[in-house]
Amino acid sequence: MHEVGPGIFAWVQPDGTWWVNNAGAVAGDGGVLIVDTCATEARTRRFLGAVAEATGGAPVRMAVNTHQHGDHCYGNSLLPDDTVVFGHAAMREALLADPIIDGCPPVWTPVPDWGHVTRRPPSVVFTSELTVHLGARRVELRHPGHAAHTPGDVVAWLPGERVLFAGDLLFNGLTPLVLMGSLEGALRSLDWLAAFEPEHVVPGHGPLATASELPEVLAAHERYYRFVLDAARAGRENGLTPLAAAQAADLGEFAGWADAERLVLNLHRAYAEAEGGEVDLLAALGDAMTWHGGPLPTSV
Ligand SMILES: [Zn+2]
């Protein structure tokens, strides 16, 4: 747990790979706002225990989900019953339809065991922005205006303290994922993130970033997204499938990032965007396993 400002906490879970997310908590007059939960019961209990310790057991009044993926919201059901959960309307729809919470397919190894978690979608939804006041503390929940990592991405921005919880719009030092979002949208979201001019950034995965580190974090994302778009263009020109395009691509500087197989998933999204289709998620995950040579590693 890192205190990035007075009463503002970032829960950073190494190693940040598949299903191992970051979360946070903001303490203000009268209670706490939680930013994301975790994938499993065990990890969420550990997180909520650390929040209680850091905040002196202050009541968790509110929570927000930055997006629909289970590493950020399966643990919602472990929040107190009277905690009000916020999220984008598209995030709520996606969690209600999520099949993986009922039993994870053997795409990852070890196959994650979520423990006792159930679907708990946000009870308050919005599509653009919503401002939450914790006493004198202001927290702005903002959607970029388009799909990026997912259709319903939300950041939590504390303008008074200049802290930005970016969710999975940022993976710091790991391979970004846009399988269920948009390559073009993810690229556009980088300028939107920079415009907040944060002092401290909590990415969805990977270590925290300061204002001086953020430009390189954003530049690395931009280089990666352009690399994926170039690989997709070359693959389509040569009549290659997304898997074959990934196999033909040279990861170069990105080879050292964990979860490199996301290239296959990101290419599936790039192809779908270029061709106006939808991604077959199971086929894309199967291709990623083929590229990787077996189930995808996770330390969840
Ligand atoms: Zn995530």
Side-chain angles (χ1 to χ4, degrees), residues 10-25 34-44 46-47 63-76 78 85 87-88 90-92 94-95 98-101 104-105 107-108 112 114 117 119-122 141 143-144 147-156 164-183 185-186 189-190 193 201-209 217 220-221 224-225 257-266 269 279 281 284-285 288 296-300:
W11 180 247
V12 179
Q13 297 195 94
D15 55 8
T17 57
W18 284 109
W19 301 107
V20 182
N21 67 315
N22 297 335
I34 295 283
V35 182
D36 282 338
T37 54
C38 306
T40 68
E41 176 185 3
R43 284 182 178 271
T44 302
R46 206 177 307 150
F47 165 53
V64 59
N65 291 125
T66 59
H67 62 288
Q68 71 200 49
H69 289 152
D71 47 336
H72 301 260
C73 65
Y74 284 173
N76 282 4
L78 300 170
V85 182
H88 193 281
M91 180 268 158
R92 178 185 158 89
L95 178 56
D98 180 316
I100 295 180
I101 192 171
C104 191
V107 171
W108 292 272
W114 311 128
V117 296
R119 262 181 212 82
R120 178 166 169 191
L141 310 178
H143 173 63
H149 174 64
T150 65
D153 299 313
V154 168
V155 302
L164 182 67
F165 291 89
D168 283 5
L169 295 181
L170 292 180
F171 288 76
N172 190 5
L174 302 99
T175 309
L177 177 68
V178 296
L179 173 65
M180 297 163 85
S182 161
L183 248 310
S189 75
L190 299 174
L193 292 170
V201 179
V202 183
H205 296 257
L208 306 175
V217 172
H221 281 73
Y224 179 77
Y225 294 143
W257 282 355
D259 304 332
E261 65 277 2
R262 288 177 179 163
L263 172 61
V264 181
L265 305 174
N266 294 332
R269 174 54 58 186
V279 171
L281 296 177
L285 287 166
L296 312 177
T298 173
S299 60
V300 79

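This one's a predicted model, so the numbers in the text were calculated from it and none came from an experiment. Remember, it's 1-based here, ligands and their atoms both numbered in the order they're listed. In what follows, residues are counted from 1 in the order of the sequence shown.
Relative ring orientation between H221 and W257 is described as tilted, the plane-to-plane angle lying within the 30° to 60° band.
Residue pairs meeting the side chain to side chain donor-acceptor pair (under 3.5 Å) criterion with at least one member in residues 167-178, sequence neighbours excluded: H67-D168, H72-D168, H149-D168, D168-H205.
Between the Zn ion (ligand 1) and H69 there is no N/O/S contact shorter than 2.8 Å. H72 lies close to the Zn ion (ligand 1), since one of its N, O or S atoms is found at a distance under 2.8 Å.
Restricting H205 to its N, O or S atoms, the one at the least distance from the Zn ion (ligand 1) is NE2. The Zn ion (ligand 1) is closest to atom OD2 of D71 (considering only N, O or S atoms). Nearest N, O or S atom of D168 to the Zn ion (ligand 1): atom OD2.
The backbone N or O of R119 sits nowhere less than 3.5 Å from a side-chain atom of N76 that would complete a donor-acceptor pair. Counting only distance, with no hydrogens or angles, the side chain of R262 and the backbone of P176 share no donor-acceptor pair below 3.5 Å.
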Please walk me through it: do T17 and L174 pass side chain to side chain contact (heavy atoms under 4.5 Å, CB included)? CA-CA 7 Å; T17 57; L174 302 99; 4.0 Å; yes
